[in-house]
Amino acid sequence: MPYKKPTMTTPYHARYYALELRRRGSAGSVEGVGTALFDARVDLNPHQIEAALFALAPLRSPSPHEAGRLLADEVGLGKTIEAGLVLCQLWAERRRRLLVVCPAALRKQWCQELESKFGLRTRLLEGRKHDGNPFEIDAVAVCSYPFARNQLARLAEVSWDLVVCDEAHRLRNAWRPDSRLSRPLVDALRHFPRVFLTATPLQNTLLELYGLVTALDERTFADPATFKAQYMKGAPDFADLRKRLSPVVHRTLRREVLPYVRYTQRRPLTQRFTSSAEEQRLYRDISDYLARDELVALPRAQRGLATMVLRKLLASSSAAIASGLDTLRRRLEAQLERDAPPTDLAADFQDEGFDDAWLDELLNDDDQPQPGDRAAIRREVAELARLSERGREIHVDQRMHALLTALRAGFQELRRQPGAAEKAVIFTESRVTQERLRTWLEGNGFAGKVVCFNGSGGGQRERAILDAWLQRNPEAGRPISQGGNTRAANLRAALIDHFEREAVILIATEAGAEGLNLQFCSLVVNYDLPWNPQRVEQRIGRCHRYGQKHDVVVVNFLDESNAADRRVLELLQDKFQLFDGVFGASDEILGRLDGGGGFEKRVHDIFRSCRTPEQIAAAFDALRAELDEVIAAREERARAALMDHFDAQVHERLRVELDAAQERLDQVGRMFWALTRWALEEHASFDGDRRAFHLHRPPLRDAAPGHYELVSRAGNTVPDGFVYRLTHPLGEHVVEQGARAAVPPVRLVFEATRARPRVMAAEALAGRTGWLRLDRLVSRAMSDEEHLVFSGWMDDGASPEPEILARLFDLPARVEPLGDAVEPTALAASVERARNAVLATAAQRAEAELAHARERLERWADDQIQAAEVDLREVRGQIRQAEREARKAPTLEQQAVLQRRIAELEARQRKARQHVFTVEDEVRAKRSALLDALEARIQQRTEVEGVFTIAWAVE
């Protein structure tokens with residue numbers, strides 16, 4: 001036959017490449033996220049690859065909903081990118097029922113990130129009126145927590161492939177049976193695969209971490225009482241807790257990624273001031289009011305949290321506390337009118353901008369106030385009116401003057417850093433304070449340079465900024481869902497854009513700042529300072545994060561007239577080390593003062609109970625001493641602590657992960673580009689050096705003519721619609737064409753000498769001939785794995801390694817007829833050996849997974865039985881105590897009373913013992929059933945599909 005010029009890609013290359021690009025790979029392997037890595041326009045960071053593989057692992061299971069995953073990297077390490085990699089990979093695998101639930105202010109940001117960085121179609125859902133189920137869409141659905149709660153029934157109708165919950169610490173109270181905000185949503189999501197994202201998995205108490213983990217996997221721990229007994233009393237074994245968390249929680253610390261991620265410094269700046277005499281008198285009088293044993297305005301069960309809210313407002317501004325006291329006054333006036341106690345204290349405080357978890361705790365109490373004495377209510381109404389009026393009469397707090405001084409000093413620090421923009425973000429916990437600061441700054445040198453954001457719809461100025469932004473970005477204004485509009489979702493993007501391009505100062509509340517990426521700003525001002533160190537860390541992390549190019553100046557205020565405020569700042573700065581260095585607060589200390597309700601509540605107790613300077617000093621000295629003890633004890637075992645897994649192997653593990661990812665990216669890129677040239681040969685002209693092409697005749701309606709460039713991490717110069725990805729409609733068409741390529745038996749002649757770069761493994765076969773077979777093999781056991789298995793035979797009787805046969809397809813080849821050649825019988829033995837080797841490795845992985853699952857199940861069963869025994873142990877102790885008292889009773893009458901008490905306790909003991917037996921039987925039966933199910937899953941089931949069998953030669 002006449003000589004046919006070798007082509008780089010034959011139909012056999014194309015079929016193999018297409019199947020390889022579609023292949024899911026095994027759990028934990030970089031191959032399992034190769035498509036997402038290739039499609040993403042992001043820097044390649046190994047900790048993000050590791051986190052994405054961790055989240056994907058249970059999705060390879062036949063029952064992916066049984067256990068979710070929590071990605072808890074420290075602030076600014078890119079959890080959105082990690083979740084985006086997972087979503088992108090699932091989309092490429094055509095598992096496209098995907099949902100992102102996030103705070104309302106983050107919806108637009110999620111859509112923009114997924115579209116620009118991963119090329120995924122998104123739909124932002126909002127509004128209340130919908131024709132049909134709003135979740136039934138061909139795009140990644142993005143909605144807010146309130147929308148999800150309001151649409152629980154419709155949400156549950158969709159068979160989700162994955163649900164991602166961002167800022168998932170909002171769900172930390174879901175373990176409470178009476179949780180009205182968190183628990184219904186968590187219960188609705190239990191039937192679906194889910195990934196939670198949060199940088200603060202515990203803020204005050206380990207029960208918050210317990211709540212998040214049990215929302216993802218009900219068989220990690222038993223009930224809250226057992227968890228407390230194991231890990232919140234005595235000397236808890238954090239190494240054991242970390243081991244139990246490891247299958248569910250993945251956390252990377254900033255210091256672990258320094259070889260790959262550059263972090264700048266934090267530079268503290270303390271601005272001192274002294275409150276005016278009237279401010280100090282108002283502070284004392286309100287503190288005295290809040291310290292009373294009896295207050296009609298506050299329900300007894302909610303007294304602690306409600307008082308903490310009011311103290312936050314008192315520490316924020318005179319205007320803020322005046323507004324809060326007015327809220328209490330209006331509640332009492334309503335109580336007088338209705339002659340019944342008011343309800344829903346959380347709703348009355350909602351306008352102050354506190355997050356859902358706070359409101360959840362305020363809602364979770366059945367002890368509502370009883371109707372009080374009407375005269376007492378009237379007296380308290382009058383007192384609240386006087387106090388709030390005094391707050392409103394203070395038009396300018398002394399801290400507002402100090403703010404101007406602090407901004408000048410902060411900007412002076414920035415001028416020492418070449419290229420640092422003179423911009424500042426000011427954080428406050430109160431919307432009232434936010435508006436007061438805007439007016440003050442506008443009138444003192446910053447007119448037209450201030451923008452505010454608090455997560456609400458914004459005022460007239462914010463709406464004008466949004467209108468201007470929509471004129472520049474008309475595409476953003478298109479309808480995004482039936483029954484909704486884009487204004488609320490676009491407001492955040494518009495305000496941040498305005499801050500970056502024009503404004504000098506952004507004033508943000510806690511709720512508004514959630515999830516903000518402000519790397520272009522390097523001056524953070526804590527106008528009021530949260531007592532919770534995690535919240536302070538979150539604030540600073542908005543600017544001090546991956547991508548920040550300058551040192552971040554952190555401004556705090558110190559009221560010289562307030563001894564308690566001075567001691568709080570001292571602890572946050574000296575003990576938690578929040579404001580300087582590279583890393584900020586460390587996991588060894590943050591939120592670890594457990595049992596007493598956390599650092600924040602400990603500080604609140606001091607403010608509530610201490611009136612004199614001596615009392616305040618003594619209380620803070622005790623707290624500081626306790627912190628010293630905690631730090632000294634836990635820094636010794638920091639590397640083994642609960643949320644800290646830094647060890648000498650971490651950097652090496654991440655380096656290997658990075659190398660493997662880069663190798664996989666190179667392979668995917670080569671295959672996809674070769675496949676594209678093969679499939680679009682008659683439709684486009686190619687620029688091979690740039691991996692770009694001009695599409696003349698689109699092969700499908702969703703691809704427009706024009707210039708396309710292959711996606712690259714460095715960014716592309718073409719519009720988003722012409723960034724060429726595997727998940728682009730044109731890319732999907734190309735892969736589909738390759739998967740359908742006709743591959744009858746032929747002879748492929750590979751040319752090793754023409755390969756550039758050289759393929760040394762294949763060159764070793766030069767001058768040899770033989771046969772090879774490609775099979776698609778699926779192994780189903782604990783996890784589903786898909787493999788492409790090469791097997792072969794050479795004419796001299798040898799069997800080349802499968803990896804070498806795969807490298808043949810990196811060479812150009814020509815197709816020749818098979819002629820009279822017949823497949824040798826010896827090839828079958830090679831095929832069997834290759835398949836068995838793959839299946840043996842998969843079986844080993846499945847055995848390891850089974851052993852791990854069995855251990856977790858045994859621990860869960862033991863915890864359940866231990867929880868049932870708690871009441872029995874308590875009753876036994878009461879019986880022993882009553883028997884001791886009976887022996888010492890001085891009269892027969894007292895002895896008789898105690899004997900009756902003992903008899904009652906013994907009856908209760910019999911019931912408790914029987915309950916333990918019943919629980920043991922139930923738990924053991926359930927454990928046996930679950931173990932049987934695990935044993936059944938370990939039985940390997942295989943599917944084999946022959947792809948092609950060919951003769952080959954290497955020249």
Side-chain angles (χ1 to χ4, degrees), residues 102-112 124 126-127 142 144-147 167 316-317 319-320 323 350-355 400 403 407 421-481 484-518 520-521 523-525 527-528 539 542-543:
C102 61
L106 296 182
R107 294 171 299 166
K108 188 67 177 180
Q109 180 173 307
W110 265 98
C111 291
Q112 290 172 334
L124 194 158
E126 61 180 358
V142 179
S144 66
Y145 280 100
F147 185 91
E167 304 294 345
S316 184
S317 69
S323 175
Q350 195 165 19
D351 286 343
E352 294 304 330
F354 298 108
D355 71 17
M400 295 165 66
L403 174 62
L407 287 173
E422 288 194 19
K423 294 181 181 294
V425 55
I426 301 174
F427 286 107
T428 175
E429 292 194 292
S430 165
R431 294 180 183 176
V432 176
T433 302
Q434 181 187 46
E435 193 55 41
R436 175 67 67 90
L437 291 180
R438 183 223 290 269
T439 303
W440 172 251
L441 291 171
E442 290 275 2
N444 286 273
F446 295 97
K449 300 177 182 178
V450 181
V451 61
C452 290
F453 187 60
N454 54 37
S456 69
Q460 181 177 355
R461 181 172 304 175
E462 284 71 34
R463 290 192 291 271
I465 292 172
L466 173 58
D467 289 338
W469 185 82
L470 287 173
Q471 289 180 0
R472 296 193 304 273
N473 302 273
E475 273 295 304
R478 68 183 189 278
I480 49 182
S481 67
N485 63 74
T486 59
R487 294 190 66 85
N490 285 324
L491 179 61
R492 178 191 181 96
L495 294 179
I496 299 306
D497 176 73
H498 180 75
F499 177 43
E500 184 173 8
R501 293 189 310 105
E502 298 182 30
V504 174
I505 294 173
L506 170 67
I507 310 176
T509 62
E510 300 288 316
E514 198 169 39
L516 281 180
N517 297 326
L518 301 175
F520 58 86
C521 175
L523 175 56
V524 176
V525 179
Y527 187 76
D528 44 38
R539 284 180 172 188
R542 299 303 105 215
C543 297

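Computed from a prediction, not measured in an experiment: that's the story for all the values here.
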ask   = Once you round to the nearest 0.5 Å, how far does CD of Gln434 lie from CZ of Arg431?
value = 8.0 Å
key: Heavy-atom closest pair, residues Ser144 and Arg107   = N-CD, 3.8 Å
key: From CA spacing to verdict: side chain to side chain contact (heavy atoms under 4.5 Å, CB included), Tyr527, Ile507   = CA-CA 10 Å; Tyr527 187 76; Ile507 310 176; over 6 Å; no
task = In sequence, state the C-alpha distance, the side-chain angles, and the governing distance for Leu506 and Cys521, and then conclude on side chain to side chain contact (heavy atoms under 4.5 Å, CB included).
result = CA-CA 10 Å; Leu506 170 67; Cys521 175; over 6 Å; no
ask   = Nearest 0.5 Å, what's the CG-CG distance between Leu491 and Leu470?
value = 9.5 Å
note = Rounded to the nearest 0.5 angstrom, the CZ-OG distance for Arg436 and Ser316 is 10.5 Å
ask   = If you round to the nearest 0.5 Å, how far is CG of Asn490 from CG of Asp497?
value = 11.0 Å
task = Can you measure from CZ (Arg539) to CD1 (Ile426) and round to the nearest 0.5 angstrom?
result = 11.0 Å
inquiry  = The test is side chain to side chain contact (heavy atoms under 4.5 Å, CB included); show your working for His498 and Arg461 and say whether it passes.
reply    = CA-CA 12 Å; His498 180 75; Arg461 181 172 304 175; over 6 Å; no
message = For Glu502, give me all partners under salt bridge (charged side-chain N to carboxylate O under 4.0 Å, His left out), at least two apart in sequence or on another chain.
response = none
query = Of the non-hydrogen atoms in Cys543 and Val425, which two are nearest, and what is the gap between them?
reply = SG-CG1, 3.7 Å
inquiry  = On a heavy-atom basis, which atom in Ala447 and which in Glu442 lie closest, and how many Å separate them?
reply    = CA-OE1, 2.8 Å
key: Asn454 and Thr509 side chains, donor-acceptor separation under 3.5 Å   = no
query = Got a second to check how far Asp467's CG is from Glu462's CD, nearest 0.5 Å?
reply = 12.0 Å
task = Could you give me the CA-CA distance, side-chain angles and deciding distance for Lys449 and Leu441, then say whether side chain to side chain contact (heavy atoms under 4.5 Å, CB included) is met?
result = CA-CA 9 Å; Lys449 300 177 182 178; Leu441 291 171; over 6 Å; no
query = Within the side chain of Ser323, is there an N or O that forms a donor-acceptor pair under 3.5 Å with the backbone of Ala319?
reply = no
inquiry  = Can you give me the closest heavy-atom contact between Gln109 and Asn517, atom names plus distance?
reply    = NE2-ND2, 3.3 Å
query = Under 3.5 Å, is there a donor-acceptor pair between the side chain of Trp110 and the main chain of Cys102?
reply = no
query = So which heavy atom on Asp528 is nearest to which on Ser430, and how close?
reply = OD2-N, 4.4 Å
query = Do Lys423's NZ or CZ and the ring of Phe499 fall within the cation-pi criteria of under 6.0 Å and 45°?
reply = yes
